[in-house]
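Report on one structure; see the data block that follows.
A quick note: this is a predicted structure, and the numbers were derived from the prediction, not measured. These numbers come from the heavy atoms of this one structure, side chains and all, not from hydrogens, waters or symmetry mates.
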2 protein chains.
Amino acid sequence: MPRPPARPRLTILDVARDAGVSKTSVSRYFGPERSLLSESMRTRIEASISRLGFYPDRIASSLRGRRTGLIGMLVADMRNPFTVAMIHGAEQACRARGYSLVVCNTDSDDLLEQRHLDVLQGYNVEGLVVNTRGHSVAPLVARFEAGLPMVMVDRHLPGLACDMVGLDNAQAMHLAMTHLAEQGYRKVLMVTPPIPGISSREERTACFESEALLSGLESELFEVDLDNEPARLGERLAGWLDEAPACRGAILTGNGVVNLAVCQALHQLMPAPLERTGLLGIDELEWCALVGPGISTVEQPVGAMGEEAIIRLLTRIEGDAEAPVHRTFEATLNVRGSTARVD
Amino acid sequence: MPRPPARPRLTILDVARDAGVSKTSVSRYFGPERSLLSESMRTRIEASISRLGFYPDRIASSLRGRRTGLIGMLVADMRNPFTVAMIHGAEQACRARGYSLVVCNTDSDDLLEQRHLDVLQGYNVEGLVVNTRGHSVAPLVARFEAGLPMVMVDRHLPGLACDMVGLDNAQAMHLAMTHLAEQGYRKVLMVTPPIPGISSREERTACFESEALLSGLESELFEVDLDNEPARLGERLAGWLDEAPACRGAILTGNGVVNLAVCQALHQLMPAPLERTGLLGIDELEWCALVGPGISTVEQPVGAMGEEAIIRLLTRIEGDAEAPVHRTFEATLNVRGSTARVD
DNA sequence: TCCATTATTGGAACCGTTCCCATTAATTTT
DNA sequence: AAAATTAATGGGAACGGTTCCAATAATGGA
C-alpha cells in the first residue's frame, strides 16, 4: 500500500474553536457523558458540528477509549446461502446495537483463515463469530484464551471452550427420519460433505444411524468431497437410481450445498429422477419448491441463529464470564412432493 | 456500548524493550522502511515478536499513518445472489491487495444507508463501492466531492461523477431479444422491478423496447414492486398464461430476484407453466438448470465485475484523477428448455 | 454571611503507531 | 588524515480522540 492521500481531516478541536468551548466538551457531546453538558453548550456545539459537517473519527476514539465497535465474523464459505442468511441475521443484530460487522471469507483455506484472523485482531475487533472448517484451531484457541470473546455457529471446534449457537441436530434428524419412515420409505442414503472435524456433520450422521435403527430404516452413508472429487457423486447416484425403486429408497442430504449438488447430479442422470427416489434436504432454499414435484426440506431458523450468536457474543463482551453455553434451535419440516408417500 | 473490557495490549514498546532496540526500529520492521534495518536487528526483533506473540495495532497505525486499509461497500440487498457474488469477487480482490472489505447492507432503506455511510466514514474507509437504490444521493455526492474515492456497480447514480462498473445492457438485451426472436417467439413480456432512479433497469427496459422493434417482436413491460404489492405479479401472470400460447409469448425477467418471483408465481398457477410460455432470465442462478425444462438465462460475469470495481477504486485511491470511467462487461447466453423453439 | 456541595467546564496526560529529524558509526572521497 | 557521504538507529512530536483531575460557578444549609 503506497502513497498516502493527504486529505485534511476536520477534528474535534476545529469544532471546539468554532463553538468557543474546550475539546473536552465536544468529546462529551458524543459519548456517554453528554448529560453533563448544559443546554446552551449543547446547542452551541450542535450548531458548529452541523455547520462544519464534522463527524467523529471512530478509529481515533477507540485508541484511548478501547472500544472499536467492531465485531469480526470468520466464515468458511460466503457463497453458501446458509452462511449468507446467517451473516444477514448477525449484521442486523449488530447494527441494532451500535456495532458493525466485518465479515471475512476463508474459502475453506486454512492459511487464509489464519491471515484473516490476524487482520481482524489488528483491527481490534471486540469479538469474533466463528464458522470455519476447524482444521487449524490452535490460533483461534490462543486468541480466545488471551481474552477475545468468541461464539461458534453451526459447529463447535474441539478445544475452543466458547459459546455456541447451532441446530438441534438430534431433533432435526428425528424429524427427517420419522417423516421418511411415515411416508413408507425403507432405505435412506444420506449424502454428506466430508465429516471429520465438523461437529454438526458428525452429529447429523451419528443421529442418522441411530434414528434409522429406531425407525427400522435401512441406512447408508455417502461422504463426498465436492471440491476434490466431484465426479464420485454422479457415479454413486447413478447406482442409487437403479436400486431405489426396488427398496423404496430416499436420499437425505446433509446440507444445502450437497442438496444442490445432488439435484444437479440427479438431473443430469435422467429427466425425472424424483419419480424413482425420494429426496429430503437439510436447509431450506428458495428454489426447493420449484424443482420437479418440489423438494421437501428440514429448515433451520438461520436468521434467528445469526442474531442469537451476536446476542451471546455481546453478553460476553459486556463482561459475562459464565460457563460456555450451547444454544440450539429447532428445525421445522417443509413437506413437498419429493417425499410423497410410497408403497 | 457500556463498559470497557480492559485487556492490556502488547505494544511496539514492549517488543522494543524485549529486543533492546528503539520503538522506531520495531515500527520499521513492519512497514516500508524495513530495508533500512540491519540483518542482526531484524533477527532480534523477529525473535521478540514471536516470543511475545505481538501483532501490530492497525487502528493505531492508521491514526498517524493515515491509511486504514479499509474499503467500504454499500449494498442494497445482501440476500440477492447477484450481490453476494459481487461481494465475493470484491473481497478476493481486496484481500489480494492487502485491503479489507467492510460490507454494509442497507436493505433498500434510505435512512439505514445514511447511517451506514456515517459509520463507514467514521472508520475512515479509503474508498467506497456503491450499489444502492440511489434514492438519496446527496450524502454520497457530498462525500465524493469531499474527496472520498468511489465506484458504482451495476448502476450509476445521477450526479455522482465517479467510476462505474456494470453490464453492457444494450448487448445483453440484444442477446436476449434476438434469441427469443430466433426461437420463434412473437411477443415478450418483460417483468422488471421498479425502474425509476436505477440506471441498469432504465437501460434494460429502454433497450427492451428498441430491440423488440428491431426484431419485430410485440413487447409489453410489467413493472412490479415485489416488496409492497407481491400479489400483482401472480395476477398478471395468470392472464399471461392464457394469452401466451396463442401469441407465442415469452417472459423476460429483469434480474435474478424477479426471475425467482416469476418462477414461484408461475409454479403456483399451474403444474407445468413453462409448456405454455417461454421464459428467459437475466442473471444466472445455480438452480436455473433444474427447474422444469431448464430456464434459459443471460449471465453476467459477476465475480469479474466485483474485482474490476476494486481495481478501479484502488487506482483512484493511489491518486489517479482522470475523468470518470464507465467499464461494462459482456453478457453470455445459457440456452435451456424454457426458450425451446416454438412454431 | 460563610462553608460544604453539586453542577459544569477546561487542562493535560495518554492510547499505540508513524514520521521527522538528530545522532552516531562506518565508509568514501579528496 | 581530514572532510564528506552514507548507513543505521533512536528521541520525541504528532495523529484525533478519551479520561482523570483540578478549577470555577452556582446552590443550599446552618
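- Distance CG (A:Leu36) to C1' (D:dA25): 15 Å, rounded to an integer number of Å.
- In this structure, B:Glu39 places its CD atom 17 Å from P of D:dA7, rounding to the nearest Å.
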Kindly indicate, with the supporting measurements, whether the criterion salt bridge (Lys or Arg N to Asp or Glu O under 4.0 Å) is fulfilled by A:Arg115 and A:Asp118.
CA-CA 5 Å; A:Arg115 278 189 43 194; A:Asp118 288 344; over 6 Å; no

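- A side-chain donor from one of A:Asp154 and A:Ser200 sits under 3.5 Å from a side-chain acceptor of the other.
- Proximity of a side-chain donor or acceptor of A:Asn105 to a complementary backbone N or O of A:Met78 within less than 3.5 Å is detected.
- Following rounding to the nearest Å, B:Asp57 (CG) and C:dC14 (C1') show an atom-to-atom distance of 14 Å.
- Residue-level contact check: B:Ser27 touches the bases, meaning some heavy atom is under 4.0 Å from a base atom.
- Residue pairs meeting the salt bridge (charged side-chain N to carboxylate O under 4.0 Å, His left out) criterion with at least one partner in residues 77-93 of chain B, sequence neighbours excluded, are B:Glu91-B:Arg95.
- The distance between atom CZ of A:Arg44 and atom P of C:dG10, rounded to the nearest whole Å, is 8 Å.
- For D:dT9, one of the phosphate oxygens OP1 or OP2 lies less than 4.0 angstrom from a side-chain nitrogen or oxygen of B:Ser38.
- The residue A:Leu37 sits close only to the backbone: its heavy atoms come under 4.0 Å of sugar-phosphate atoms, none of a base.
- Remark: A:Arg327 does not engage A:Asp163 in a salt bridge, criterion side-chain N to carboxylate O under 4.0 Å.
- Residue contacts shown for A:Phe30 are absent, as no nucleic acid heavy atom lies under 4.0 Å away.
- Applying the 3.5 Å distance criterion, the base of C:dG10 shares a donor-acceptor pair with the side chain of A:Arg28.
- Below the 3.5 angstrom threshold, one finds no donor paired with an acceptor across the side chain of A:Lys23 and the base of C:dG10.
- Place B:Arg64 and B:Met41 on DNA chain D by their nearest nucleotides, and B:Met41 ends up nearer the 5' end.
- Among the protein residues, B:Ser22 comes within range of the nucleic acid bases, having at least one heavy atom under 4.0 Å from a base atom.
- With rounding to whole Å, A:Leu63 atom CG is found 17 Å from D:dA14 atom P.
- Counting to the nearest Å, the P atom of D:dG16 and the CG atom of A:Asp14 are 9 Å from each other.
- B:Leu13 has its CG atom 12 Å from the C1' atom of C:dC15, to the nearest Å.
- Rounded to an integer number of Å, the gap from B:Arg17 CZ to D:dG11 P is 12 Å.
- As judged by a 4.0 angstrom heavy-atom cut-off over every strand, B:Val21 is placed among residues touching the sugar-phosphate backbone only.
- In terms of polar N and O atoms assigned as donor or acceptor, the side chain of A:Thr24 comes within less than 3.5 Å of the base of C:dG11 in a complementary pairing.
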